[in-house]
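The analysis underlying the following values was restricted to heavy atoms, covering all of them including side chains, and did not include hydrogens, waters or symmetry mates.
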Amino acid sequence: MGDLKRTHYLNQLTKADEGREVILMGWVLRRRDHGGVIFIDLRDRYGLTQVVFNPETNPEVHAKAHGLRSEWVLAVRGTVAVRPEGMTNTKMSTGEIEVMVDELRILNQSRTPPFPLDEEVEVNENLRLKYRYMDLRRPEMTKNLVIRHKACQAMRSFLHAKDFLEIETPVLTRSTPEGARDYLVPSRVNPGRFYALPQSPQLFKQLLMIAGMDRYYQIVRCFRDEDLRADRQPEFTQIDMELSFVNEEDMYEIGEGMMKALFSETMGREIKTPFPRITYAEAINRYGTDRPDTRFGLELTDLTATVENCGFKVFRTVVKKGGMVKSINARGCATFSRKDLDVLTEYVADFGARGLAWVKVKEDGEWQSPITKFFTDEERKAMAAKLDANPGDLLFFVADRPQVVHAALAELRLELARRLDLTSKDDFDLVWVTDFPLLEYDHEQKRHTAVHHPFTAPREEDIDLLESDPGQALSRAYDLVLNGIEIGGGSIRIHQKPLQDKVFRALGIDDDEAGDKFSFLLEALESGAPPHGGMAFGLDRLMMLLSGRDSIRDVIAFPKTQKASCPMTEAPSKVSRRQLTELSLKPDWKEQG
RNA sequence: GGGGUCGUAGUUCAGUUGGUUAGAAUGCCGGCCUGUCACGCCGGAGGUCGCGAGUUCGAGUCUCGUCGGCCCCGCCA
């Protein structure tokens, strides 16, 4: 660079700068060499500017420019010129001007890029991750990281204005029961003992409330050693918060205010508050899931009572065994082919449905279906009325255990929406899901486990149920769902030890175990713990939705592959025998270095 | 742990019933070209068909295994 100092970014110059001497720095995106005049599109994080090398005005510089290649790093000194008549490029924000170069310094050369950076071809993701520093130069990827930054800034300033303190919590902490599999870190100075990386800073933020911090937040990395998905990474980022002296309404207000600020400042979109609320029970009933995509209808209709005595044996026996029959009216879909229906049947089978019954409502109102003969006219009428079935509609039915019916129809509903193109990535439907069950029964472990986490408060009126019928108790937990994706959740916490003891007992954690694993929390609850509650938002998922991407990998600078590896650094890697020995670890796997 | 799908030039892909020397576009290299903006024109190089076995006279193509990418189920309080 020598004595050159950059004067402008590559998105800044306009007609108003005509005649100005400028110094620009950036990467060669494209070179157009006409033998005579040479054009270079110079790129930086901010944009593109065309720089021009003219053999008549500066032969030496022009000769040097002849050798430039993609992704070389340049500094140029030159003069801003308005482009000749008719030569404006309306696709570029700097398309009205160009910079006539007087001095060129090659700051660095580059290997030929492993994949094109200037086109929108889908490149193998493994390759993109191996050369992530090249991938991130692509404007689309740069944009995602810029939006992410803006989002963090927006949320930070919102929370700061609401008196939150940003406080860091340990990354090396202790493993606690419940929840996901922990990432473990061996302790060198304590042989045989391990730290766990936090699945969330849950206990620490509660302890900060007990410490009187009143309002805490943190943009914090969390770790869960579970299998990956398009929206799940082993390390991910949460906007984590906790507040003292609050109830659910306070939490909704904070959550809504923060989302409002987020959408406004990152996308310039004004979203409506308050957000609609739906109870867990209603969400399951109407959508089959606790994270409903509310951008479209296709809701579930319960026909159990209507068909319990019908002539169709499959339906009748399912109902008799305590199961249910539910239906979706796919309006106007009677045109689906037999093949379509077979594919959809196979699709719901993935989610446990042993069959998918269907009825096409013909133009004359008649039912075309393999099962229509099993129903009386009255039954058909009753079903049609409940489903508001009209000519041209296609009705789907699933009969099974409630869990299976809901899982299958929830997925069918989403698949239909995809086929019918009912959703747009530009719509953002936010909804609170409330009144979750506190506990659910785990058949494998033969005990109840926490739906949210063990520190979630039950509804006051349900506390007695903890002993009589724990599965029926509802909690003071809430989730925020955006377009069918859970982007956040939280709860009002237990702040008194006797209630915490009760919940531990309902979870099958006896006093000894509770004392062993949570004594610090229990003692703290006895030390003047204020009522408190909180929530956390998944930053990666939020950014994925805001950036219109289908994978959180596209909004994370250096993500992991589905096998939890990093093609660039080749992590996880082998370690030396010496390192293991220092940690008092003896490998029992083969070929460990 | 399981299911699906993909793997061919640097990249994105094509490759017929198994049959001679595996193609295209783009990129790359060289030459020409003074107003392009995905510049244009001419020429050239570039392949362990992911890897390993098997079937066969013969395998990019068929079979089995294996490795890897992606999607999903389980899992993820």
- Message: Could you check whether A:F39 and A:H34 have their ring centres less than 6.0 Å apart?
- Response: yes

- Task: Would you indicate, yes or no, if B:A38 has its OP1 or OP2 atom less than 4.0 angstrom from a side-chain nitrogen or oxygen of A:K91?
- Result: yes

- Around A:R418, counting heavy atoms of other residues, nucleotides and ligands shown, do more than 12 lie under 6.0 Å from its CZ? yes

- Item | Sugar-phosphate, base or nothing in reach of A:T456, heavy atoms under 4.0 Å | nothing

- Query: Under 4.0 Å between a Lys/Arg side-chain N and an Asp/Glu carboxylate O for A:R232 and A:D227?
  - Reply: no

- Task: Assign each of A:P114 and A:T88 to its nearest nucleotide of RNA chain B by heavy atoms, then name whichever residue's nucleotide is nearer the 5' end.
- Result: A:P114

- With both distances under 3.5 Å as the test, what is the Watson-Crick or G-U wobble partner of B:G44? B:C28

- Determine the contact category for A:E122: base if any of its heavy atoms lies under 4.0 Å from a base atom, sugar-phosphate if only primed atoms, P, OP1 or OP2 are that close, otherwise nothing. sugar-phosphate

- For nucleotides B:G19 and B:A24, find the distance between their C1' atoms and express it as a whole number of Å. 22 Å

- Which part of the nucleic acid does A:S565 contact within heavy-atom distance under 4.0 Å: base, sugar-phosphate only, or nothing? sugar-phosphate

- Query: Do any side-chain nitrogens or oxygens of A:R32 fall under 4.0 Å of OP1 or OP2 in B:C39?
  - Reply: yes

- Message: Just to be sure I understand the rule, does A:Q50 reach a base, reach only the sugar-phosphate, or reach nothing, if contact means heavy atoms closer than 4.0 Å?
- Response: base

- Message: What's A:R181 touching, base or sugar-phosphate or nothing? Going by heavy atoms closer than 4.0 Å.
- Response: nothing

- How is A:P454 classified with respect to the nucleic acid when contacts are heavy atoms under 4.0 Å: base, sugar-phosphate, or nothing? base

- Message: Using a heavy-atom cut-off of 4.0 Å across all strands, would you classify A:D227 as base, sugar-phosphate, or nothing?
- Response: base

- If you look at every strand shown and take non-hydrogen atoms under 4.0 Å, does A:D33 touch a base, only sugar-phosphate, or nothing? base

- Query: Can a side chain N or O of A:R31 be found less than 4.0 Å away from OP1 or OP2 on B:U36?
  - Reply: no

- Expressed as a whole number of Å, how far does the C1' atom of B:C64 sit from that of B:U56? 16 Å

- Query: Looking across every strand, which nucleic acid part, if any, lies under 4.0 Å from A:L48 by heavy atom: base, sugar-phosphate, or nothing?
  - Reply: nothing

- Does B:G69 have OP1 or OP2 sitting under 4.0 Å from an N or O in the side chain of A:T561? yes

- Message: Any side-chain N or O of A:T112 below 4.0 angstrom from OP1/OP2 of B:C29?
- Response: no

- What does A:N89 touch in the nucleic acid at a heavy-atom separation under 4.0 angstrom: a base, only the sugar-phosphate, or nothing? base

- Item | Pairwise C1' distance, B:A14 and B:G47 [rounded to whole Å] | 15 Å

- Base, sugar-phosphate, or nothing: which does A:P84 touch, judged by heavy atoms less than 4.0 Å apart? base

- Task: Establish, with yes or no, whether the OP1 or OP2 oxygen of B:G69 is under 4.0 angstrom from a side-chain nitrogen or oxygen of A:K563.
- Result: no

- Item | Sidechain-backbone polar pair: A:D44 side chain, A:Y46 backbone, donor-acceptor under 3.5 Å | yes

- Return yes if some donor-acceptor pair links the side-chain N/O of A:D479 with the main-chain N/O of A:V481 below 3.5 Å, else return no. no

- Item | Short side-chain N/O contact to B:A77 OP1/OP2 from A:R224, under 4.0 Å | yes

- Evaluate the side-chain proximity of A:L127 to A:Y131: yes if any heavy-atom separation is below 4.5 Å, no if none is. yes

- B:U11 base stacked by A:F115? Criteria: ring centres under 5.5 Å, plane angle under 30°. no

- Item | Side-chain N or O of A:R553 closer than 4.0 Å to phosphate OP1/OP2 of B:C71 | yes

- Message: Under 4.0 Å from OP1 or OP2 of B:C39: is there any side-chain N or O of A:R30 that close?
- Response: yes

